[in-house]
Amino acid sequence: GQQVMQIPQYQHVQEGEDFTTYCNSSTTLSNIQWYKQRPGGHPVFLIQLVKSGEVKKQKRLTFQFGEAKKNSSLHITATQTTDVGTYFCVGDTGRRALTFGSGTRLQVQP
Amino acid sequence: NAGVTQTPKFRVLKTGQSMTLLCAQDMNHEYMYWYRQDPGMGLRLIHYSVGEGTTAKGEVPDGYNVSRLKKQNFLLGLESAAPSQTSVYFCASRPLVSYNSPLHFGNGTRLTVT
């Protein structure tokens, strides 16, 4: 079955440093979605990427979708304590079932 | 507009007991999903439904059953609970409008099996 791996599993940064998480799928994706889960909360949708090579920005967050549509990345510039949480990519093969990546937990030291 | 509502929020079961988790959505979404999340882990798909009266297995379906008798409700059943089913269970839904629609999550049910 489809597998979606994320690296790193955990990252601890000082406030103001940058952060990047990478997502790799074993199969080609129709689209990829990114979610953020705060401690004790539920996943909240951030963004969706559909086109090969697509790049989208949300303020300090930059999302990329690979040319082969099998990998993606999320980059946060100048992290803030409000960025704390776990970031998940979700691979959609167009077959209705959505597979979550293993997630990257971000801790930001003030 | 309540979105996705899960009940109960918390539950403690003894091994062998049964229970049903209820997920209700008021957004007229066609697709509904049940995920489980173990501590420090990602979400794993248990079962999902693409419409009323239809269900399908996800990654980890063993030990669970589901039903979607009404479009707005998706029930997850544990017939004989085991300690390995201790987890946080999330329900999610999304519309059929296109293949690229986000998941809307409930707040989760924290289940402990002793």
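Model, not experiment: these values are computed from the prediction. Lettering follows sequence order; numbering is per chain, from 1. Atom set for the values below is all heavy atoms of this structure, side chains included, hydrogens, waters and symmetry mates excluded.
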Rounded distance [0.5 Å steps], CD in A:Gln48 versus CG in B:Leu103: 9.5 Å

Does A:Arg60 have more than 12 heavy atoms from other residues, nucleotides or ligands lying within 6.0 Å of its CZ? yes

With a 4.5 angstrom heavy-atom cut-off, which part of A:Tyr10 approaches chain B: side chain, backbone, both or neither? neither

In terms of hydrophobic clusters joined by side-chain contacts under 4.5 Å, are B:Met32 and B:Leu22 together? no

Give the cluster check for B:Leu111 versus B:Val88: same hydrophobic cluster or not, with ILVMFWY residues linked at side-chain heavy-atom distances below 4.5 Å. no

Are the side chains of A:Gln33 and B:Arg94 in contact, using a 4.5 Å heavy-atom criterion? yes

Assigning hydrophobic clusters by single linkage (Ile, Leu, Val, Met, Phe, Trp, Tyr; side-chain heavy-atom cutoff under 4.5 Å), is B:Tyr89 placed with B:Leu45? no

Most contact-rich option vs chain A, by heavy-atom pairs under 4.5 angstrom, among B:Gln37, B:His104, B:Arg44, is B:Gln37

Side-chain touch B:Leu43/A:Phe88, heavy atoms, less than 4.5 angstrom: yes

Report yes if the side chains of A:Pro43 and B:Tyr35 come closer than 4.5 Å at any heavy-atom pair, otherwise no. no

Rounded to the nearest 0.5 Å, how far apart are SG of B:Cys91 and NE2 of A:His42? 11.5 Å

Around atom CD of B:Glu52, are there more than 12 heavy atoms of other residues, nucleotides or ligands at under 6.0 Å? yes

Can a donor-acceptor pair be found, under 3.5 Å and without considering hydrogens, that links the side chain of B:Tyr33 to the backbone of A:Leu98? no

Same cluster (ILVMFWY, side-chain, under 4.5 Å), B:Tyr48 and B:Leu76: no

Is the CD atom of A:Gln9 crowded by more than 12 outside heavy atoms at less than 6.0 Å? no

Can you tell me which portion of A:Gln6 sits under 4.5 Å from chain B's heavy atoms? Options are side chain, backbone, both or neither. neither

Quick one: does B:Phe105's side chain get under 4.5 Å of A:Phe45's, heavy atoms only? no

Taking atom CE of A:Met5 as the centre, does the number of heavy atoms from other residues, nucleotides or ligands within less than 6.0 Å exceed 12? no

Any side-chain to backbone donor/acceptor pair from A:Gln37 onto B:Gly42? Under 3.5 Å, distance only. no

Enter the distance from A:Phe100:CZ to B:Met41:CE here, rounded to the nearest 0.5 Å. 14.0 Å

